[in-house]
Amino acid sequence: MTDNKGKGAIFDLDGTLLDSMGVWDQIDVDFLGRRGIEVPDDYMAKVSAMGFRDIAEYTIRRFGLSDTPEDLMDEWNRMAVRAYSTMVEAKPHAIEYVTRLKESGARLAIATTLPVELRGPAMDHVGMSGLFDVVCGIEAVDHVGKDRPDIYRHTAGRLGVEPDKCTVFEDLLEGVRSAKKAGMTVWAMHDDSSDRSWPVICDEADGVLFDFDQAPLSL
């Protein structure tokens with residue numbers, strides 16, 4: 001068996017371990033549709049690396065909405081909790097891969113922009129709860145989004161693993177770049193939401209995946 005003792009693996013949730021980005025596409029369609037607005041082509045790309053409150057503030061500014069950020073977050077949460085509790089699925093071979101890393105002695109973490117009320121139900125639903133040593137959300141770094149390396153550095157510290165011994169798995173270009181800035185190895189998982197930036201992701205990541213059966217067993 002591969003020995004990964006002293007190594008860390010840090011995983012994004014949405015679009016990386018979870019096949020969930022379609023949930024947000026539908027929420028965007030339903031949410032904006034109630035207000036008579038079609039989802040612009042660039043909207044998901046603009047908000048994908050932001051924290052929840054930043055997305056709410058951006059959405060209010062962009063569409064001239066009268067809602068408060070709290071109004072939007074409450075509405076999105078109600079829509080999302082149901083979806084994350086019942087609809088999302090794990091990416092192919094994700095659970096098997098994480099389990100093998102755990103058995104190899106690697107320290108495992110989640111680093112996500114998902115709020116706790118969504119990530120918990122989603123991980124329970126797909127059977128991932130209990131596999132990770134640390135689960136970190138951006139609330140631990142003052143809600144700084146993944147366009148900066150704060151969450152990755154914080155998560156490595158929580159794991160007790162030096163950044164240069166951590167491998168990050170991400171689907172977004174902003175996450176790939178920030179994890180690289182943190183001094184970590186980065187493997188990019190393809191997701192439909194990142195199609196536009198995929199050629200750049202392929203250039204900047206250390207490796208790319210379409211399925212976790214292609215993921216490295218030695219970190």
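- Counted within 6.0 Å of CZ on Arg82, heavy atoms from surrounding residues, nucleotides or ligands total 12 or fewer; the atom is thus considered open.
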Chi angles and distances behind the side chain to side chain contact (heavy atoms under 4.5 Å, CB included) call for Val39, Phe31: CA-CA 9 Å; Val39 182; Phe31 168 80; over 6 Å; no
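- Here the side chain of Thr2 pairs no donor or acceptor atom with the backbone of Ser104 at under 3.5 angstrom.
- A continuous path of ILVMFWY side-chain contacts below 4.5 Å connects Leu173 to Val168, so both sit in one hydrophobic cluster.
- Glu204 CD: more than 12 foreign heavy atoms inside a 6.0 Å radius.
- Under the 4.5 Å side-chain contact rule for hydrophobic residues, Tyr97 and Leu18 share a cluster.
- The existence of a salt bridge linking Arg107 and Glu162 is excluded, since no basic side-chain nitrogen approaches an acidic carboxylate oxygen closer than 4.0 Å.
- Looking at Leu32 and Phe63, their side chains come closer than 4.5 Å, going by heavy atoms from C-beta outward.
- A donor-acceptor contact closer than 3.5 angstrom links the side chains of Thr16 and Asp171.
- At a threshold of 4.5 Å between non-hydrogen side-chain atoms, the residues Arg35 and Leu65 count as touching.
- The side-chain contact (heavy atoms from CB on, under 4.5 Å) test applied to Arg119 returns Leu13, Thr112, Leu114, Val116, Val135, Glu139, not counting sequence neighbours.
- Ionic pairing of Arg148 and Glu174 is not present here: no N-O contact between side-chain nitrogen and carboxylate oxygen is shorter than 4.0 angstrom.
- Note that the CE atom of Met44 and the CZ atom of Arg196 stand 11.5 Å from one another [nearest 0.5 Å].
- Among all heavy-atom pairs drawn from Ala56 and Leu72, the shortest one is O-CD2, 3.7 Å.
- Between Glu57 and Pro69, the shortest heavy-atom distance links the atoms CG-CG, 3.9 Å.
- Of the possible donor and acceptor atoms, one in the side chain of Lys146 sits under 3.5 Å from a partner among the backbone N and O of Ala111.
- Across Lys7 and Leu219, no two heavy atoms sit closer than the pair NZ-O, 2.8 Å.
- Checking side-chain atoms of Arg158 against main-chain N and O of Val134 turns up no donor-acceptor pair under 3.5 Å.
- For Glu89, the side-chain contact (heavy atoms from CB on, under 4.5 Å) partners are His125, not counting sequence neighbours.
- Residues passing the side-chain contact (heavy atoms from CB on, under 4.5 Å) test with Ile27, sequence neighbours excluded: Val23, Trp24, Trp76, Met79, Ala80.
- Side-chain heavy atoms closer than 4.5 Å link hydrophobic residues (I, L, V, M, F, W, Y) into clusters, and following such links, even through other members, never connects Leu159 to Val98.
- A side-chain donor-acceptor contact under 3.5 Å links Asn4 to the backbone of Leu217.
- How far SG of Cys166 is from CZ of Arg153: 12.5 Å, rounded to the nearest 0.5 Å.
- With sequence neighbours excluded, the residues that form a side-chain contact (heavy atoms from CB on, under 4.5 Å) with Asn77 are Phe52, Pro115, Glu117, Leu118.
- Ala9 approaches Leu101 most closely through the heavy-atom pair CB-CD1, 3.9 Å.
- Side-chain N or O atoms of Lys5 include none that pairs as donor or acceptor with a backbone N or O of Ala106 at under 3.5 Å.
- At a cut-off of 3.5 Å, with distance as the only test, no side-chain donor of Asp206 or Thr185 sits close to an acceptor on the other residue.
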Give the C-alpha distance, both sets of side-chain angles, the deciding distance and a yes or no for side chain to side chain contact (heavy atoms under 4.5 Å, CB included) between Arg62 and Lys46. CA-CA 11 Å; Arg62 177 158 185 177; Lys46 291 283 189 184; 4.1 Å; yes
Check the pair Leu17 / Phe212 against side chain to side chain contact (heavy atoms under 4.5 Å, CB included), numbers first and verdict last. CA-CA 9 Å; Leu17 286 178; Phe212 274 103; 3.9 Å; yes
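- For Glu70, the CD atom is densely surrounded, since the number of other residues' heavy atoms within 6.0 Å is greater than 12.
- Both Val29 and Val81 belong to a common hydrophobic cluster when Ile, Leu, Val, Met, Phe, Trp and Tyr are linked at side-chain heavy-atom distances under 4.5 angstrom.
- Distance OG1/Thr99 to CG/Leu131: 5.0 Å, rounded to 0.5 Å.
- Between Tyr43 and the choices Asp28, Asp25, Thr59, the side-chain hydrogen bond (donor to acceptor under 3.5 Å, both in side chains) rule is met once, by Thr59.
- In Lys165, the NZ atom is not crowded: 12 or fewer heavy atoms of neighbouring residues, nucleotides or ligands sit closer than 6.0 Å.
- With rounding to the nearest 0.5 angstrom, the NZ atom of Lys91 is 9.5 Å from the CG atom of Asp211.
- Relative orientation of the Phe132 and Phe11 rings is perpendicular, given thresholds of 30° and 60° on the angle between their planes.
- Of all heavy-atom pairs between Ser129 and Gly120, the closest is OG-O, 4.4 Å.
- With rounding to the nearest 0.5 angstrom, the CD1 atom of Ile55 is 7.0 Å from the CE atom of Met50.
- Shown here are the ring-ring contact (aromatic ring centres under 6.0 Å, His included) partners of Phe210, two or more places apart in sequence or in another chain: His190, Trp198.
- Residue Leu108 is not grouped with residue Val186 when hydrophobic side chains (ILVMFWY) are merged at heavy-atom distances under 4.5 angstrom, including chains of intermediate members.
- Between Arg100 and Glu96 there is no salt bridge, since no side-chain nitrogen of the basic residue lies less than 4.0 Å from a carboxylate oxygen of the acidic one.
- Of the residues Asp150, Thr113, Ile138, the one that meets the side chain to side chain contact (heavy atoms under 4.5 Å, CB included) test with Val144 is Asp150.
- Nearest heavy atoms, Ile151 versus Gly137: CD1-O, 3.5 Å.
- Remark: Ser194 OG to Glu170 CD distance equals 10.0 Å, nearest 0.5 Å.
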Go through it in stages, so that I can follow the logic: the residues are Leu172 and Ile201, the test is side chain to side chain contact (heavy atoms under 4.5 Å, CB included), and I'd like the CA-CA distance, side-chain angles, deciding distance and then a yes or no. CA-CA 8 Å; Leu172 297 177; Ile201 289 173; over 6 Å; no
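- Without hydrogens or angle criteria, Thr68 side chain to Asp71 main chain gives a donor-acceptor distance under 3.5 Å.
- For the ring-ring contact (aromatic ring centres under 6.0 Å, His included) test, no residue two or more places apart in sequence or in another chain qualifies with Tyr152.
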